[in-house]
Amino acid sequence: MNIYEIAKIAGVSTATISRVLNNAPGSRAATRKYVQEVMRKFDYEPNGCARGVGFNSMSSRGPL
């Protein structure tokens, strides 16, 4: 299961999923709670390697 599938099931954008995962402002409390319930129901856990690629922290050259 990935962030795209969770977003589709919950009926929200991937940005909303990201905000919930990162405890960032910008989503209603009810939406946050619902998304967390969906993630719990499907045993969703963010992929640490995928997160590293997004932040370019997996590069052997270090940050650019």
Side-chain angles (χ1 to χ4, degrees):
M1 179 109 351
N2 60 42
I3 192 171
Y4 302 102
E5 293 168 323
I6 292 293
K8 187 173 183 176
I9 292 166
V12 298
S13 69
T14 54
T16 299
I17 302 295
S18 180
R19 283 191 290 271
V20 170
L21 288 171
N22 293 305
N23 293 317
S27 59
R28 296 181 328 183
T31 302
R32 180 177 299 274
K33 182 178 178 181
Y34 177 70
V35 168
Q36 289 170 336
E37 288 173 9
V38 170
M39 288 190 294
R40 211 172 295 117
K41 178 179 178 181
F42 289 93
D43 295 323
Y44 174 75
E45 291 185 25
N47 184 317
C49 289
R51 181 179 170 96
V53 169
F55 284 110
N56 196 22
S57 65
M58 301 296 285
S59 172
S60 60
R61 296 181 292 155
L64 297 175

Show me, pair by pair, the donor-acceptor contacts under 3.5 angstrom made by side chains of residues 7-16, not counting sequence neighbours?
unit_1 : atom_1 : unit_2 : atom_2 : d
S13    : OG     : A15    : N      : 3.4
S13    : OG     : T16    : N      : 3.1
S13    : OG     : T16    : OG1    : 3.2
T16    : OG1    : R19    : NH2    : 3.2

What pairs of residues pass the side-chain hydrogen bond (donor to acceptor under 3.5 Å, both in side chains) test when at least one of them lies in residues 34-46, not counting sequence neighbours? none

If I compare all heavy atoms of R32 with all of N23, which pair ends up nearest, and what's the gap?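 Looks like NH1-CA, 3.7 Å.
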
